[in-house]
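To start, the structure under review is shown below, and the notes come after it.
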Amino acid sequence: MDPTSTELIHILPFVAVGFAAQVVDGALGMAFGVISNTLLISLGVPPAAASAGVHSVETFTTAVSGISHVVHRNVNWRLFLRLMIPGVIGGALGAYVLSNIDAAVVKPFILAYLTGIGIYLLIRAWRHKAATREPKIVEPLGFLGGFLDAAGGGGWGPVVTSNLLAQGAAPRTTIGTVNTAEFFLTATISATFITQLGWGAFTMATVGLLIGGICAAPFGAMLAKRVPARTLLTLVGVILTLTSLWGLYQAITR
């Protein structure tokens with residue numbers, strides 16, 4: 001058998017996961033890191049190496065996704081600046097912590113909090129009103145989301161997108177802005193991981209996720225622009241609640 005075809009068969013599942021995860025992430029502002037990171041860890045990849053690999057992929061997918069959201073006018077540039085700067089600072093700190101310290105102790109508490117936010121968003125979607133308002137708590141969310149995203153292998157979208165929506169921000173521009181700001185976060189986190197772990201953390205699984213993620217990135221922005229606000233809120237709430245409950249179950253039973 002041709003070794004090249006054998007390698008391709010092994011990569012295809014990761015391509016499929018990367019594609020599906022990025023479509024969800026681009027449309028709802030979350031889930032790529034959670035889905036991809038969970039898969040890599042379940043296959044025996046160490047948490048720091050898994051997070052490094054996923055973030056290296058996200059550097060490329062978020063660049064394509066961010067450009068797509070800009071083209072579709074899904075970005076609030078004032079909100080973007082308020083999120084991006086503290087997010088980058090928190091991300092660099094979180095990557096350093098995960099590379100040197102076990103940060104798993106606080107993970108169950110964060111997941112329990114995110115489960116509650118997911119349920120709250122479902123209630124908001126059920127009672128949805130057209131009126132939106134400018135979120136007040138932004139910079140702390142950016143810092144916390146960046147830190148947790150690096151230290152926990154995923155968290156920027158669940159923490160930032162969900163909390164901004166809970167404050168009443170418009171779903172379409174919130175998702176587009178959070179996705180666009182994420183490029184700068186993931187680039188910083190990846191660079192920090194490389195300085196701490198070297199290039200050994202990047203595997204063929206990373207290549208598969210990268211191929212699938214880049215192919216899917218333009219579609220998420222299109223969906224975010226076309227799907228009604230109430231539907232977006234409902235989908236975000238469902239994805240956030242299910243992924244957080246699953247992560248909480250895994251954290252407690254380990």
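What you see below is based on every heavy atom in this structure, not just the backbone, and it leaves out hydrogens, waters and symmetry mates.
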Quiz item: What orientation do W77 and F80 show, parallel under 30°, tilted 30 to 60°, or perpendicular over 60°?
Solution: perpendicular
Quiz item: Side chains of F143 and L93: closer than 4.5 Å at any heavy-atom pair?
Solution: yes
Self-check item: Spacing of T61 atom OG1 and I214 atom CD1 [to the nearest 0.5 Å]
Solution: 7.5 Å
Practice problem: For a side chain to side chain contact (heavy atoms under 4.5 Å, CB included) with W156, tell me which candidate from L141, L144, L83, N179 qualifies. | Solution: L83
Quiz item: Could you state the interatomic distance from OG1 (T177) to CG (N76), rounded to the nearest 0.5 Å?
Solution: 5.0 Å
Quiz item: Counting only N and O atoms by type, is there a donor-acceptor contact under 3.5 Å from the side chain of Q167 to the main-chain atoms of I137?
Solution: yes
Exercise. Using side-chain contact (heavy atoms from CB on, under 4.5 Å) as the criterion, list what pairs up with V88, not counting sequence neighbours.
Key: M84, F184, T188
Practice problem: Without swapping roles, check the side chain of Q22 against the backbone of C215 for a donor-acceptor pair under 3.5 Å. | Solution: no
Quiz item: Between T186 and T59, is any pair of side-chain heavy atoms under 4.5 Å apart?
Solution: yes
Quiz item: So which heavy atom on V23 is nearest to which on A216, and how close?
Solution: CG2-CB, 3.6 Å
Quiz item: Of all heavy-atom pairs between P218 and S68, which one has the smallest distance, and what is that distance?
Solution: CA-OG, 3.4 Å
Exercise. Check whether any side-chain N or O of R172 sits under 3.5 Å from a backbone N or O of V75 as a donor-acceptor pair, and report yes or no.
Key: no
Quiz item: Hey, what do you get for OG (S65) to CZ (F183), rounding to the nearest 0.5 Å?
Solution: 12.0 Å
Practice problem: To the nearest 0.5 angstrom, please state how far the CG atom of N74 sits from the CD1 atom of I175. | Solution: 8.5 Å
Quiz item: Just by modelled atom types, is the T161 backbone N or O under 3.5 Å from a matching donor or acceptor in the T174 side chain?
Solution: no
Quiz item: How far does CD1 of I85 sit from CD of E139, to the nearest 0.5 angstrom?
Solution: 9.0 Å
Quiz prompt | Smallest separation among heavy atoms of G91 and L185, with atom names | solution = CA-CD1, 3.7 Å
Self-check item: Under the side-chain contact (heavy atoms from CB on, under 4.5 Å) test, residues paired with A20 that sit two or more places apart
Solution: none
Exercise. Could you walk me through whether L79 and V178 pass side-chain contact (heavy atoms from CB on, under 4.5 Å), step by step?
Key: CA-CA 9 Å; L79 181 61; V178 171; 5.9 Å; no
Quiz item: How about I67 and T180: do any of their side-chain heavy atoms sit closer than 4.5 Å?
Solution: no
